[in-house]
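Position 1 is the first residue of the sequence; numbering continues from there. Every heavy atom of this structure was used, including side-chain atoms; hydrogens, water molecules and symmetry mates were not.
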Amino acid sequence: MSTSTIVVGVDGSASSVAAVRWAAREAALTGATLHAVTSWTYPASYGWAPVIENLDWAENARTVLDSALKEAFEGADSAGVVRHVAEGHPAQVLLDAADGADLLVVGSRGHGGFTGMLLGSVSQFVVSHARCPVVVTREDTQDALDPA
């Protein structure tokens, strides 16, 4: 018996926390395994760059991932969530993680530059290139889905 897989992208933004909440509810309803994925890259520089010593980029990304999961689960147990931290561009890391998955969930906007846009560059890219269905959530998705 094979278990379905839901991959959710996490960057620590409010939109990604909403995506984790949505993906966790869907995983609970369907019995899927939830994989939370975050990425990191060395900062791009042009010309002279300051030397940053003793900075563990992967550990920082892991901290962001753990904090976002803690916020999304609001203190409930998130031990069943499989955590992935990978080096690379977020869009490519998510596409690689979702290869063979049943569903990919991302927030509509991350920490990127143009806040007025409907979709961020990563969510727009994965919608266009993923080999599985993609759900794009908004920050206010939680309120819209919870019957009151």
**Q** In Å and rounded to the nearest 0.5 Å, what is the CG to SG distance from L104 to C132?
**A** 5.0 Å
**Q** Please find the pair of heavy atoms, one from V8 and one from A23, that lie closest to each other, and give the distance.
**A** CB-CB, 3.9 Å
**Q** How long is the straight-line distance from NE2 of H129 back to CD of Q92, given to the nearest 0.5 Å?
**A** 9.5 Å
**Q** Quick check for you: to the nearest 0.5 Å, what is the distance between L94 atom CG and F125 atom CZ?
**A**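 CZ of F125 is found 11.0 Å from CG of L94.
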**Q** Short question: side chain of S15, backbone of S108 - any donor-acceptor pair under 3.5 Å?
**A**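 Side chain of S15 to backbone of S108: a pair is present.
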**Q** Is there a chain of hydrophobic side chains (I, L, V, M, F, W, Y, each step under 4.5 Å between heavy atoms) that links L55 to L65?
**A**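 Linked within one cluster.
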**Q** Hey, is the main chain of D11 close enough, under 3.5 Å, to the side chain of S16 for a donor-acceptor pair?
**A** yes
**Q** Taking the side chain as C-beta and beyond, is there a heavy-atom pair between V105 and W22 under 4.5 Å?
**A**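 Yes, their side chains come closer than 4.5 Å.
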**Q** Looking at V85, T38, V37, which one forms a side chain to side chain contact (heavy atoms under 4.5 Å, CB included) with V93?
**A** V37
**Q** Within the 4.5 Å heavy-atom criterion, are V122 and H89 side-chain neighbours or not?
**A** yes
**Q** Could you give the distance from OG1 (T63) to CD (E59), rounded to the nearest 0.5 Å?
**A** 4.5 Å
**Q** Which heavy atom of P90 sits nearest a heavy atom of S39, and at what distance?
**A** CA-OG, 3.3 Å
**Q** So, do V20 and L69 sit near enough that their side-chain heavy atoms are less than 4.5 Å apart?
**A**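 Yes; the side chains approach each other to less than 4.5 Å.
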**Q** Under 3.5 Å, side chain of R21 to main-chain N/O of E71, donor-acceptor pair present?
**A** yes
**Q** Do L34 and V17 belong to the same hydrophobic cluster, where Ile, Leu, Val, Met, Phe, Trp and Tyr are linked whenever their side-chain heavy atoms lie under 4.5 Å apart, directly or via other members?
**A** no
**Q** Are any non-hydrogen side-chain atoms of D102 and I6 less than 4.5 angstrom apart?
**A**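 D102 vs I6: side chains apart.
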**Q** Would you compute the distance between atom OG of S123 and atom CZ of R138 and round it to the nearest 0.5 angstrom?
**A**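 One gets 11.5 Å once the value is rounded to the nearest 0.5 Å.
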**Q** May I have all residue pairs that pass ring pair (Phe, Tyr, Trp, His ring centres under 6.0 Å) and include part of residues 61-83, sequence neighbours excluded?
**A** none
**Q** With sequence neighbours left out, write down each residue that passes salt bridge (Lys or Arg N to Asp or Glu O under 4.0 Å) with D66, or none if nothing qualifies.
**A**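 Only R83 meet the salt bridge (Lys or Arg N to Asp or Glu O under 4.0 Å) criterion with D66.
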**Q** Honestly curious: do V64 and W40 fall in one hydrophobic cluster under the side-chain, below-4.5 Å linking rule?
**A**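 V64 and W40: separate clusters.
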**Q** Taking all non-hydrogen atoms of both residues, which atom of V10 and which atom of A36 are closest, and how far apart?
**A**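 V10 and A36 have their closest heavy atoms at CG2-CB, 4.1 Å.
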